Amino acid sequence: MTVNEENKKTHYLKELQLASSPVKTGVSVIEQARLKAADDLSIWDLPSLRDEDWKQFPLKPLVRKHFAPAPVNSGIAHSDIEHALITEAASARIVIVNGYFSPELSNVDKLPTGCYAGPVSKAPINVVDQVNNFYGKVAQYGRDAFTAFNTAVTHDPVIVFVKKGVALENPIHILHVTDASDASVYTAPRVFIYAERHSDSTVIEDFIGKGEHAYFTTSVSESVLEDESHILHVKMQRETAEAVHISRVASKLGRGSNFNSYMISNGAKMFRNEPLSLVDAENAHATIDGLVLVDQDQISDTHSTLDHLKPNCTSHQLHKVIANGRGKSVFNGKIFVRKDSQLIDAFQENRNLLLSKDANVFTKPQLEIFADDVKCSHGATIGQLSDEEVFYMQSRGITKSEAIQLLTYGYALEVIENIPVPSLREQLSYNVAAFTGASIEAKDIV
Amino acid sequence: MLKIINLHAKVEGEKTEILKGINLEINQGEVHAIMGPNGSGKSTLAKVIAGHPAYEVTDGQILFNGEDILEMDPDERARMGMFLAFQYPVEVPGVSNSMLIRQAVNAVKKARGEEELDPLEFEDFIAEKLKLVEMDEKFLDRSVNAGFSGGEKKRNEILQLAAMNPKLSLLDETDSGLDIDALRIVSEGINSLRSEENAFLLVTHYQRILNYIKPDKVHVLMQGRIVRSGDSSLALELEDQGYDWLVTETHVNGEA
Ligand SMILES: Nc1ncnc2c1ncn2[C@@H]1O[C@H](COP(=O)(O)OP(=O)(O)OP(=O)(O)O)[C@@H](O)[C@H]1O
Ligand SMILES: [Mg+2]
């Protein structure tokens with residue numbers, strides 16, 4: 001790399017940020033965070049290749065390109081998003097186009113009183129209070145330039161607020177659309193979810209795109225769970241094949257709360273997921289399961305952190321990967337159990353299914369346990385489909401390629417089947433089937 | 001229906017032969033039983049007939065309905081009407097039993113030029129077959145064999161057999177692991193599927209299944225060879241005396 005290129009790289013995000021003109025929210029904590037993040041970007045920028053955590057995720061494809069802030073006026077119409085809509089969420093849908101809230105495409109009329117879903121600029125005062133209390137404190141970014149970048153340039157963050165004791169009947173669908181029909185653009189969507197005591201909700205964060213141009217999405221999501229609350233969180237990354245997608249899904253768990261998160265990723269040219277769960281009160285449970293499908297030259301990188309800060313908690317992380325073509329997947333799963341966090345039960349497993357000999361996976365569980373009375377299991381497997389399973393199906397008249405497709409589909413199902421939204425499960429099943437080429441019928445979907 | 005001539009086979013890439021010159025002919029309407037000590041090659045024979053890729057045929061022929069099938073893939077053989085009930089049915093997590101069976105049935109139907117079943121037609125179709133083996137329909141929604149008890153797995157094999165209606169069924173120790181009632185149910189199921197058009201090859205260690213399904217012929221397989229063939233009384237003799245007398249006998253004849 002020449003000096004010039006290196007230079008350009010060190011100020012890469014700063015330059016993108018300088019071109020932005022974020023929407024003013026009127027919420028002090030957000031505006032202050034913006035300024036601080038912009039300052040931070042002047043001091044440090046993209047991670048270097050020498051950075052151990054970024055070694056497997058070459059940023060060149062990003063740095064080589066110039067991305068402009070995605071414009072507010074976009075031609076995205078209902079027909080562009082129809083394929084991604086979720087029936088169950090018809091009356092709880094927030095559509096963000098190019099990072100801007102779209103009132104035309106959204107519909108959040110039927111939320112129970114006291115609950116809110118929409119841009120922070122329109123949120124009621126009690127909701128804004130919680131934003132002021134916790135915004136940016138869950139997705140703590142340290143020196144993570146991408147989260148800083150998101151904080152600096154995001155427009156009008158989406159807030160989901162679930163009132164005390166309310167169990168939302170329907171899931172809330174937050175659909176982020178990036179329009180790259182005319183140019184290479186960047187977007188920085190931001191979501192903040194606040195679950196009051198004893199509430200129960202399902203939130204789906206979903207990423208799609210349009211157009212042939214490359215685009216760059218940095219998304220950050222923060223969830224705060226009060227005592228005994230329950231959030232089922234789904235993140236679907238189904239960006240176009242030209243996208244670079246970098247995201248953080250952070251959560252902070254209160255006493256007896258449950259954060260169950262499922263990340264399904266099969267889009268984008270390269271993507272990175274950084275789940276971060278702070279299990280910060282007793283009797284809480286966090287699930288951060290993932291399903292990654294990579295094909296051709298796609299790169300997936302998951303760097304997760306599960307931090308057990310208090311005793312008597314449990315966590316579950318099943319990260320499943322299917323790699324085809326020259327696809328590459330990286331998994332680095334950190335689990336911390338702090339000194340006084342006794343009686344922790346943490347499960348972690350990374351399973352990788354290689355469908356081609358050119359596919360590549362890297363897996364690294366990283367357990368750092370400072371308490372002595374804990375149960376932590378972790379494991380990683382890398383394998384092909386079982387010959388015996390393939391033969392068994394062939395002996396039933398099913399061709400080898402069909403057998404492989406069905407088995408791959410079945411492999412993915414273990415993650416998908418936990419998602420309690422039938423129409424979403426159906427869409428995912430078709431996605432996986434399309435990936436594997438399996439011919440499935442509606443009846444086969446669990 | 002099935003004609004095996006001087007069949008030699010070994011594990012792909014290994015040297016030692018497991019099957020050392022098998023000759024066997026099964027005609028339409030017949031039931032044959034193969035018995036023999038552990039490790040003699042019974043399952044290997046069944047799997048080689050079904051086309052398992054782990055084995056390499058080094059010599060000989062297998063003719064199915066007059067056609068040489070050695071070059072055919074296992075699924076082609078299955079679509080021609082061959083069925084293997086596994087000694088150890090494979091668990092296939094994530095693939096539902098109903099999906100597997102419907103795809104299997106439709107693959108066979110398509111090959112026969114018959115109309116495929118849509119999901120609703122399949123429901124009625126499979127309900128009949130479930131009755132035959134007295135299986136609960138809840139097994140359809142579960143992953144193939146996953147977490148099934150030993151006996152449930154065996155029953156599931158016969159359910160698939162009934163659904164696919166093959167010409168030649170190779171049953172590898174289907175009776176092992178079945179309780180007395182299950183053995184009766186499975187045997188009666190098999191008997192009701194018998195016809196003048198199909199044939200069965202039963203691999204077994206025990207006389208008891210042969211009380212229900214009377215074989216036309218019994219063969220003894222030892223160390224990769226059929227050392228003795230006879231009628232159903234041979235099975236009784238083996239039950240009584242074990243295999244030792246056959247070893248000495250063949251040695252005396254200098255054939256081993
Ligand atoms: N895939 C394989 N790899 C290595 N060895 C094999 C393989 N398949 C069969 N064998 C060997 O070939 C011999 C015959 O095995 P096979 O399973 O056919 O025996 P069997 O007659 O069915 O025995 P049992 O009554 O115990 O089921 C055994 O020694 C077995 O270990
Ligand atoms: Mg055997």
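Everything quoted here is computed from the prediction, not taken from an experiment. Convention: sequence-line order gives letters A, B, ...; per-chain numbering from 1.
Applying the 6.0 Å contact sphere to NZ of A/Lys334 captures more than 12 heavy atoms from other residues, nucleotides or ligands. The local environment of CD in B/Glu114 is crowded, with over 12 non-hydrogen atoms from other residues, nucleotides or ligands closer than 6.0 Å. The number of heavy atoms from other shown groups lying within 6.0 Å of CD (B/Glu115) does not exceed 12. For A/Gln366, the CD atom counts as densely surrounded, since its 6.0 Å shell holds more than 12 non-hydrogen atoms of other residues, nucleotides or ligands.
Contact of the A/Thr399 side chain with the B/Arg79 side chain is registered, since non-hydrogen atoms from C-beta on lie closer than 4.5 Å. A heavy-atom distance below 4.5 Å is found between the side chains of A/Met393 and B/Val95. Taking the side chain as every heavy atom from C-beta outward, A/Lys400 and B/Asp73 never approach each other to under 4.5 Å.
The CG atom of A/Leu406 sits 5.5 Å away from atom CE of B/Met99, with the distance rounded to the nearest 0.5 Å. Rounded to the nearest 0.5 angstrom, B/Ile101 CD1 and A/Arg396 CZ are separated by 9.0 Å.
For the options A/Ile398, A/Leu407, A/Val390, A/Asp387, heavy-atom pairs under 4.5 Å to chain B are most numerous at A/Ile398. Chosen from B/Pro74, B/Ala107, B/Gly94, the residue pairing most often with chain A at heavy-atom distances under 4.5 Å is B/Pro74. Chosen from B/Ala111, B/Pro166, B/Ala104, B/Pro93, the residue pairing most often with chain A at heavy-atom distances under 4.5 Å is B/Ala104.
Taking every heavy atom of both residues into account, B/Met164 and A/Ser395 meet most closely at CE-O, 4.5 Å. Taking each heavy atom of B/Ala78 and A/Gly397 in turn, the nearest pair found is CB-N, 3.3 Å.
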Between B/Leu100 and A/Tyr392, is the side-chain contact (heavy atoms from CB on, under 4.5 Å) condition met? List the steps. CA-CA 10 Å; B/Leu100 173 77; A/Tyr392 187 76; 4.1 Å; yes
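In summary, the side chains of A/Gln394 and B/His52 do not present any donor paired with an acceptor at a separation below 3.5 Å, with no hydrogens or angles considered.
Looking at B/Asn145, only its side chain comes within 4.5 Å of chain A, counting heavy atoms on both sides. Proximity to chain A (any heavy atom under 4.5 Å) is shown, for B/Val105, by neither the backbone nor the side chain. The contact between A/Glu388 and chain B is made by backbone and side chain atoms together, counting heavy-atom distances below 4.5 Å. Heavy atoms of B/Glu76 lying under 4.5 Å from chain A are absent altogether.
Taking the six-membered ring for Trp, A/Phe391 and B/Phe86 have ring centres closer than 6.0 Å.
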